[in-house]
Each structure stands twice: as C-alpha cells, then as structure tokens.
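The structure appears below as structure tokens.
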Amino acid sequence: MPKRHEEELEMVLAAFDGDVIEMDEAAVRAEFSAADADKAAIDHAILGGLERAPKASRASELGARKARRPQVSSRRVSRGGGGHQEREIRSSFSETGDTDNGDLSEDDNFED
Amino acid sequence: MGRLARADVRPGSATQQELRAAIEGLSPTDKIRLEKLAKSRSARLGASNWEELLQEAIVRALAGGRPWPKRIPLVAFLAEVMRSIASDWARQSARAVPLPADENELPADDPSPDRSAVARVLLGKLEAEFAEDAEVRALLNGLYAGETAPETMKRTGLALAQYDAARKRLRRGVNKLLDLREMN
C-alpha cells in the first residue's frame, strides 16, 4: 500500500513535469510567476552550479571516462502524463548509457 | 585536443562551452520552469532543498558525463539530470535504512517509510483540494491508472476543452502544493 502512494504521486508529478516543460512561455508566465525570493534562489542555484562546475579540460577527461563505460540501460518510462519531450530526453539518455538509477555517482563525484 | 578531450563531444551534442553559455543565457521563463521541476523532483524525495538539486544538476551537466543533445530543449535536459541525481540520492537514502533486527526477516521491498509518508500526505492534500471537482478527480484517477489523455477522455466522456481546463486546474493545484511545501 505505501508503494501505491509513491507510484500515484509519481504519475501526478510526471504529468506536472511534462506540462511545465511543454507549456508555451505565456502560459508559464501566467500560471507560475515566481516570487522575488524564488527568483533570487533560482539565480543563486544556477550561479552556484556554474561556479562549482569543473573546468573544461577536467570535464573532457571525465566525459571520456564515461564514454568508455559499458552501455547498460533499462528504463521504465511512465505510462501516463509525462510529456513527449520528457520521453525523448529519456530515450536520449539511454543512448548515452546513462541508467535510471543515477549510476554515474562515482564518476560524478567531482569534488577533489 | 587529445583523444580524451574529443571523446565527450558526440555528433549533435553541445560542447561544454556551448552548454555553459546556454545555461548563462536561460530566459526568466525557463528559470521558472527549472524551479518548478526542481521542487517537483525534491517533493518525491521528501526533501526541501530544491536549490541544491538544481545546482548539482548544473555541476554534473557541465562536467561532461552527460552530453546535451542540442535537439533537446535545455530545460528538458536539466530536468533529466535532476531526475537521475534524485534517483541516486534516493538510493543512498534507502541504503541508510537499518536492517531488521531479526536476520531471518527480509527487508521490506517497499520504499523508505519517509517517502511513502510524504507521498500519502501530498496526495491527501491534493485530493482534498479537488474533492468537489469531479473532472479533476476523473483526471487524477486516469493518471493513477496510467491512462493516456485520449483514454481518460474516452472513459469519462470529457471533451478536449474540458480535459485541458481540468488539467490546468490540477497543474495549479500541484504548483500550489509544491510552493506550500517549501514554506513549511
């Protein structure tokens, strides 16, 4: 029974995510105008990510390590609600060998 | 550029410089999309720090492990990176759950209790919000069952305009729920 709640929530949020990605700009602005505090938080998160990201040469080396890894992929695509682009990007991730369970954790630990 | 440096640039994929420039140039609308997607993904975990998830997604995307196919919108790509990271975090969290005291007792094949409780509470609030809205409840039931939009419309007799309007109300309800979660 507990698992059912998680699965149902996943279905609802997958539909929400698909809509958020596919809605046109006017609809996003009309439905989701961000509060000032959220705008500041978004900018802070993006800037923080840009600052923490490894330099280009380091990124290239890590990318090459990933490219050499065995291709293992099995992905459950949500049946309902999820958007077309979400399915396409998931398919694209499968092509790269990325898996559903975030299996890049070791390679993605970039903190020296 | 040596062999290693070339290996992460696949045909049709962005270079790190292109990805960085695209992230720096995100429109205000796309930033709002990312905020909503990060909050949605955090809610599944029962976590509240959506900023950390978004930041980590940008770090990992720029690290080059996940090439950005330029035919895919950047927001959709970053959403998928967030999904992958959240999945990773959930796995780590599940491993931290202590094993049963009785060694003959198999660990439950259920998700961690906290996440289940969070899901139950969120769904309860959502259903309470729409208790009087038959169209949204029909739509929710369709989502729970994994129906496509045409299947739900066929089952319920909703016209496309009715379905779209109900979906919009549901979307606003979910958004409100995610924002309230952040404030609590």
Side-chain angles (χ1 to χ4, degrees), chain A residues 2-3 5-6 8-13 15-17 19-21 25 28-29 31-34 38-39 41-46 48-50 52-54 56-64 66-68 78-81 85-86 88-90 92-93 96 98 100-102 104-105 107-108 110, chain B residues 4-5 7-8 16-17 20 23-24 26 29 31-37 40 43-44 51 54-60 62-67 69 72-73 75-77 79-80 84-85 87-88 91 110-111 113 115-116 119-120 122-123 126 140 142-144 146-148 167 171-172 174-175:
Chain A
K3 194 173 180 73
H5 290 126
E6 281 205 45
E8 290 178 348
L9 181 66
E10 173 60 34
M11 293 297 191
V12 174
L13 292 181
F16 177 81
D17 292 352
D19 286 355
V20 166
I21 290 171
E25 292 212 6
V28 171
R29 283 196 298 271
E31 290 190 34
F32 302 136
S33 56
D38 280 338
K39 285 177 187 167
I42 298 165
D43 285 338
H44 185 262
I46 291 173
L50 289 168
R52 281 182 51 213
S57 57
R58 170 83 171 133
S60 295
E61 182 182 344
L62 290 164
K66 158 125 179 70
R68 290 197 302 273
S78 72
R79 291 170 296 165
Q85 287 178 338
E86 184 182 4
E88 188 179 358
I89 183 69
R90 287 189 180 200
S92 169
F93 266 59
T96 69
D98 192 4
D100 199 33
N101 58 11
L104 297 179
S105 54
D107 277 0
D108 281 355
F110 298 120
Chain B
L4 291 180
D8 67 329
Q16 193 210 24
Q17 288 83 1
R20 180 177 285 270
I23 292 170
E24 288 171 343
L26 279 165
T29 311
K31 288 180 182 178
I32 293 172
R33 291 186 214 266
L34 286 174
E35 174 220 341
K36 299 304 169 190
L37 292 164
S40 166
R44 291 161 164 97
E51 297 105 314
L54 176 55
Q55 184 176 129
E56 185 66 17
I58 290 169
V59 170
R60 291 200 193 184
L62 284 169
R66 296 170 169 83
I72 302 290
V75 170
F77 171 72
E80 190 60 15
S84 184
I85 294 168
S87 172
D88 205 8
R91 230 171 6 133
D110 277 334
R115 290 176 62 196
S116 297
R120 190 179 66 248
L122 288 177
L123 282 176
L126 201 58
L140 278 171
L143 289 173
Y144 295 158
E147 290 178 350
T148 62
R167 181 115 175 183
R171 198 160 55 231
R172 287 185 163 169
V174 171
N175 180 53

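From E35(B), atom CD reaches atom CG of D38(A) across 4.0 Å, with rounding to the nearest 0.5 Å. Atom CD1 in I46(A) sits 8.0 Å away from atom CD1 in I23(B) (nearest 0.5 Å). Annotation: the span from L122(B) atom CG to H5(A) atom NE2 amounts to 11.0 Å, rounded to 0.5 Å. Atom-to-atom distance recorded for L13(A):CG and K36(B):NZ is 13.0 Å, nearest 0.5 angstrom. Note that CG of D19(A) and CZ of R33(B) are 11.0 Å apart. Values are rounded to the nearest 0.5 Å. Here L123(B) contributes atom CG and E6(A) contributes atom CD; the two are 10.0 Å apart, rounded to the nearest 0.5 Å.
Here the side chains of K39(A) and K31(B) are not in contact, with every heavy-atom distance at 4.5 Å or above. No side-chain heavy atom of E147(B) sits under 4.5 Å from any side-chain heavy atom of M11(A). Two residues are said to be in side-chain contact when any heavy atoms from C-beta on lie closer than 4.5 Å; R52(A) and E56(B) meet this criterion. Inter-residue side-chain proximity for E51(B) and H44(A) is flagged as unmet; no heavy-atom pair is nearer than 4.5 Å. Side chains of F16(A) and N175(B) form a contact here, defined as non-hydrogen atoms less than 4.5 Å apart.
In terms of heavy-atom proximity, I32(B) sits nearest to S33(A) at CD1-CA, 4.4 Å. Residue G49(A) comes nearest to I58(B) through the heavy atom pair C-CG2, 3.6 Å, listed as atom of the first residue, atom of the second, then distance. Residues P54(A) and V59(B) share a closest heavy-atom pair of CD-O, 4.1 Å. The two atoms that bring L143(B) and V12(A) nearest to each other are CD1-CA, 4.2 Å, heavy atoms only.
Under the 3.5 Å distance criterion, the side-chain polar atoms of E24(B) are left unmatched by any main-chain donor or acceptor of L50(A).
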